[in-house]
Amino acid sequence: MSAPLLYALVGVALFCMALHWVIACADPLRRILAVNVMSSGVFLVLVALARRVPGPSPDPVPHAMVITGIVVAVSATALAIVLASRMRSGAAGR
Amino acid sequence: MVLAMLRNAMLLLVPLWPGLLALTSLALHGRRLGGLLAVAGTAPALLVALNAGAYREETYPWLLFGTRLGLDRADAVFLSFAAIVWILASVYALGTIRRESGRERFFGLFLLTMSGNLGALVAQDMPSFYAFYALMSFAAFGIIVHELTREARHAAKIYIVLVVIGEAALAAGMIIAAGATGSSDFLAVRAGLEAVPLRHFVIALAFVGFGIKAGVLVLHVWLPLAHPVAPAAASAVLSGTIIVTGLVGWLRILPVGEWALPGWGAACIGLGLAAAFYGAIVGMDQRRPKVVLAYSSISQMGIMTAGVGMLLMEPALAPALRVAIAFFALHHGLAKCSLFLGAGLANSVVHARARRWLVTGLALPSLALAGAPFTSGMVVKSAIVAAEAQLPPPWASALFYLLPLTSVATALLMARFLVLVRGLPAGTRPRASAGPWLAWCASLALVLLLPLWLAPTVGYAWAPPTFVDSAWPLGLALAVALVAIGLWRRAGRPALPEIPAGDLLLPVERLMLRAQRALAATAASVRPLGERVKRAGAAGRRRAWALIEVSGSAEALLDRWRTALLLALVLGAVLALLAR
Amino acid sequence: MNDGHAKRPGRLAATALALLVVLVFAGLVSAVLALPPTAAGLSADVGAALPRVGTDNPVTATLLAFRGYDTLLEMAVLLLAAVAIRALRHGRLPVMRSGDEILAALARVLVPVMVLVAAYLLAAGLDGPGGAFQAGAIAAAAGVLLVLAGRGLRLLDDGLAVRLGLAVGLLGFVAAGIAGMLVASAFLDYAPGRAATVMTLLEVAVAVSVALTLFEMFVSVLRCPIPGKAADAADRGRR
Amino acid sequence: MNATLTGPTLAVLLIVAPLVLAIAAFLAPRFAGRFGFVNAALMPAAAAGLLAAVAESPLSYALGDWGAPLGIRLYADSLSGILLLATAVILACVTVHARGYFARSAIRSSFWPLVLFLHAALNGIFLSADVFNLYVALELLSLAAVALVALGNEAAAVAAAFRYLLASLVASLSYLLGVSLLYHGYGTLDLALLAEPGRHGAFPWAALALMTAGLAIKGALFPVHFWLPRAHAEAPAPVSALLSALVVKAPLYVLLRLWIGPFADVPQAVGELLGLLGCAAILWGSVQALRQERLKLLVAYSTVAQIGYLFLFFPLARATAVLDAVALFVLAHALAKAAMFLAAGNILACLGHDRIKELDRVAGRLPVSLAAFGVAGACLMGMPPSGNFVAKWLLVAAAFESGEWGWSLVVIAGSLLSAGYVFRVVGHAFTPEQAREGGAAISASMSVTPFLLALLALLLGLIAAPLVELVDSPLPGAATVVGR
């Protein structure tokens, strides 16, 4: 098995572990973290497989996709944390 | 060119104009104009009906799936009397619907019902017919429930449940017919249905769907509930033209005159005759005049159902019998309109002399319904009798004996009605204004004059033997009545068992309630779902929802994050396995 | 019907979940293994088009030119998140003074270095490894450090300048897009001679937006109490 | 201007104008509402113009002049045109309503930029021809929608928003993993290139499962509709209207595009499965709607049911009329559901609660809103001449054409059930005890907008013929013109 495939499989494993985590955990923060690990898994798959190019430098398009994806994921995470903390303060206020 | 465009627009205005007026009426919050608008609503229909020959067919390709409006000879009859009934009822309503009871809402819905009714009568393709028919059915809910009493709401609820079932059946039937024949045009569907494998299913759906309006036995239960609670003007249009629209629906979609359906024909004749007698017998046991009239409608629609059955059995009868049925509907609609308006006036009659005049006036349409000599009833019944001889053997003779007996039953029923009206307590309502009386007198005049116009149109010759034919049932009825009263007196005037209005419905309702309780009890024994049901049952108020409540706990399970995502995983896995 | 009241998921459910996840994993592994062992992807197309945009970094070229529209939408996501967070956090941010001398000293040393690194990454991004996002992230980190050390509080202002800074990335892309339509042949088409200039400007705009937004997000989250157990019931319950 | 020039200009305008206005609303919060109104005035015209431009032949526009596979294409045919127009019209109505609804609310300054971002995201999705770009646009949409739900500001709204966000993130990541498999398998992200038959040897079944499951969660297909009812019910009414009318349709649109594009040759069984789930959604959603005690939850569950109809597309995908049916259905449901939620919002604003049992108190005070609810409900039932009626008719015709008429029975059963829950609400117009005092006042613009939407939904069927012709003319999957 080639290295890109191996890394991709690691990415898939990350994705699946985090998926299990996100389903099984009840804690909001842990769910947010799990979703983040899931996205890391996807990004790893994207980047690892970009190395299957015959030449020396990898395929740049998945890299660009990952950068875009990271920014999107960061935005979503920030919103999720703000919401989670609102939930807590909302619950405390009642 | 201009004339053609005008004709094209005119036909569309038949339903559109009352629809627009309905919106105007709703917008004219609290003004008196609503009733006048209702009278004006029929104008295009009248104009079209008067010159029916010019409006054979117009097409509107931009509307729905390509709408086709038009009139054949029978439709012209239907449209003209519908317009007349609507005018009479509007004038009557103008003087009787009170402001505090939500007049603008009544007239708005009244006009919408009118729009749907008149539209259905001119629609020649399935989508637009269905559209107008549904508009009529749903808007009629509002005029039935108008008084907002508990009774009115119950009646309207039963009505709307049946309407929804009927609409679903119709939609299913029409869509299947359209899908299978590849056309949404009634003409093409009637012709193409023969080759459709599901044709009996389509016919059954159409029979049930329209049968609810036409008051076919078992589906008739809403009529005796709705008529006594609706305002008289609403009852007049319900019985005068709306239930007839069901009949029109049958004539549109059933392959009458195209190919023979002996089984369905026999069923229709059987059910129709059964309804004719059942309605009369149950009706005679009623205590309220308007309920009696409702049962009379069921009985009369039974005769028309039998007529449709004859058409289904023997297509060759089509041209003559179709028109005869249309005229029967016309005669019945006018007479019933007149009867309901008169019965509504009974409430505002205080003096005994006026009461006598009222009963005398009501005797005229009653006699017409019973088919007495020189009335429209005699003319139309003779036209149907002329057709029955051409039926295959057992049916011809059966009808020969049974049809006159329906006249006997009708005569007895109408006598009961007149007795009840005479016995009503003195009026409580303030005197009605002139409008309602005017409308009623006009309806009487029309009933009186109708035979003069009918006779030449259906080819009836004023021959003495027919007078005898139509007179003897009345005599027989009189004899039966005298004998029955004599027997009753001799037995010491025992109290007769009372059949409640809505006859079949009550045992059904009771049965359903019991079934629900049983189901709830069964469900309650199954934990944990049972907990919810028990609570719902204990609260006692949401029994009808008990079963639906059970689904609530399943939804609560689906609502959990863990369950839902687990299911998402399953979904993904199954998708992958199937796609592989 | 509240998870909080319900028992922990039964063993059956847990086993089912584990089995399903393993099944999904197996499926995904077989899907990845079924991919061709070598694939050029779009690297050849990117290589061929690089001269037209005047940069040697294929990732930057892809981000800003070939798939510039993705980046435009991404800037929109970033700005949207900032707007949403501003709407949802409670009022103005408090002034945070840690008073920690060590942190303050560290900030004094590190912040200039971080700014320098950010600037370098930004400049290098056009030709080699680096780019606006990396630069923005480091600049944001510098800001966070400043705030933790009790300085740089003007960055927390809700002034027009800060809002402009948050929006400048998206604005830059929109402007470049429209200019492309007017001057060149399509939306986001940078005129051949000026491509390098346009992309440099875009890099700067994106870096500013990324830095400010990440900074804003971080301090918003920092200000928020870390969600804990109390929130569980509110999330899972049916109220 | 000729068609080749107007098409791209309008497409770009549809995406860029809401973005620019969103920035403006963010920079100048005091005028935010005005920017919303500018958008409401501009977008319907632009969308109508685009629809006219693409009626003849679809538009394919290479952004940055790169062309597929290197660059990103915008693509619009009449299906996208119709959806863009629907979005613009409904958003315009909601804008008018929202101005009254949020008149005295502190959140109005954040509502406007968020809603403008939402509009841009919707337009971006309806115009995109690139699977990764669709991912970014879907995320923009989700985040905007989540933030808008959270504006409801009560604990319940925030909790619903959080769950909505997490569900939609999990779904997005599933979709994105599918996208990465597609890209690494076929070396392109362009919808049309992915659909080219020679491109794939083995069928991309894993990508199909990942993307379909992700989009099914986002589209709230039964049984993974768990996030929808509360998110849609707890959001402020104008937001609920947008979510139910438009936002849930976007992932379905993407799924549709995949189905007539890259996944066109999937085994029939997959379509059957989705169709069966659609049927289950129709029945389940309707039954749940029947048992709700709060009006907005009832409407939300009705959305769960109505989404089911759209999934009947998949088993019937090979029939000719089914795309028309679905396009019309999306449009009709969007109009009717927006009307229902806005009307429910008026009732809620007037009464301070939306318990169905106590609606008789509102019947006399809000006749127009209740009428709007009734008319919209009649549309959902499939009463003619509504668009739903024509759509259901076409759907059943398609079922017959494919020889699978069993689907039509569910269509009809769904109509019956919807009649049940609509009458639970509308029946209150006919109850006698009507208190005519009390409650907050509802402005004229707030009562008229839902009625207008309901009327549009009702009259949609009247112009169904030209609409259907429009969808028919270019066959979307087949006619994808690839830019340079």
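Protein chains get the first letters and strands the later ones, always in sequence-line order, with residue 1 at the start of each. Keep in mind that what you see is a predicted model, and the values were worked out from it rather than measured.
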Please find the pair of heavy atoms, one from [X] and one from [Y], that lie closest to each other, and give the distance.
| X | Y | value |
| --- | --- | --- |
| B:Gly572 | D:Ala213 | CA-CB, 4.0 Å |
| B:Ser551 | D:Gln288 | OG-NE2, 3.0 Å |
| D:Ala269 | B:Leu578 | O-CD1, 3.7 Å |
| D:Val224 | B:Ala564 | CG1-O, 3.5 Å |

(request) Check whether any side-chain heavy atom of D:Val287 lies under 4.5 Å from a side-chain heavy atom of B:Glu555, and answer yes or no. (result) no

(request) Indicate yes or no: at least one non-hydrogen side-chain atom of B:Leu558 is less than 4.5 angstrom from one of D:His225. (result)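 In short, these two side chains touch, coming nearer than 4.5 Å.
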
(request) Working to the nearest 0.5 Å, report the span between CG of D:Leu221 and CG of B:Leu567. (result)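 Result: 11.0 Å between the selected atoms.
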
(message) Nearest 0.5 Å, please: how far is CG in B:Leu565 from CG in D:Leu166?
(response)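 Between D:Leu166 CG and B:Leu565 CG, I get 9.0 Å after rounding to 0.5 Å.
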
(message) Does atom CD (B:Glu151) have a neighbourhood of more than 12 heavy atoms from anything else shown, all under 6.0 Å?
(response) no

(request) Verify the neighbour count for atom CZ of B:Phe201: are there more than 12 heavy atoms of other residues, nucleotides or ligands below 6.0 Å? (result) no

(request) Please step through side-chain contact (heavy atoms from CB on, under 4.5 Å) for the pair D:Lys392 and B:Ile175, ending with a clear verdict. (result) CA-CA 9 Å; D:Lys392 282 181 181 173; B:Ile175 292 176; 5.5 Å; no

(request) Select one option (side chain, backbone, both, neither) describing which atoms of B:Ile160 are under 4.5 Å from chain D's heavy atoms. (result) side chain

(request) Side chain from CB out, backbone as N, CA, C, O: work out which of these in B:Leu577 comes under 4.5 Å of a heavy atom of chain D, or both, or neither. (result) neither

(message) List the residues meeting ring-ring contact (aromatic ring centres under 6.0 Å, His included) with D:Trp407, not counting sequence neighbours, and say none if there are none.
(response)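 With neighbours one apart ignored, the set is empty.
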
(request) Check ring-ring contact (aromatic ring centres under 6.0 Å, His included) between B:Tyr133 and all other residues, then give those that pass, not counting sequence neighbours. (result) B:Phe129, B:Phe210

(request) Report the option among B:Val574, B:Ile165, B:Ile176 that has the most heavy-atom pairs separated by less than 4.5 Å from atoms of chain D. (result)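 Most heavy-atom pairs under 4.5 Å with chain D: B:Ile176.
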
Give, as side chain, backbone, both or neither, the part of [X] having an atom under 4.5 angstrom from any heavy atom of chain B.
| X | answer |
| --- | --- |
| D:Ala167 | both |
| D:Trp227 | neither |
| D:Leu462 | both |

(message) Before you tell me yes or no, could you show the steps for B:Leu571 and D:Leu277 under side-chain contact (heavy atoms from CB on, under 4.5 Å), namely the whole-Å CA-CA distance, both residues' side-chain angles and the distance that decides it to 0.1 Å?
(response) CA-CA 10 Å; B:Leu571 172 63; D:Leu277 290 179; 3.5 Å; yes

(message) Parallel, tilted or perpendicular: which one describes the rings of B:Trp561 and D:Phe226, with boundaries at 30° and 60°?
(response) perpendicular

(request) Would you please classify the geometry between the B:Tyr130 ring and the D:Phe389 ring as parallel, tilted or perpendicular, with 30° and 60° separating the classes? (result) parallel

(message) Assess the residue pair B:Met174 and D:Val396 against the criterion (side-chain contact (heavy atoms from CB on, under 4.5 Å)); give the C-alpha distance rounded to whole Å, side-chain angles, the decisive distance to 0.1 Å, and a yes or no.
(response) CA-CA 11 Å; B:Met174 285 187 174; D:Val396 174; over 6 Å; no

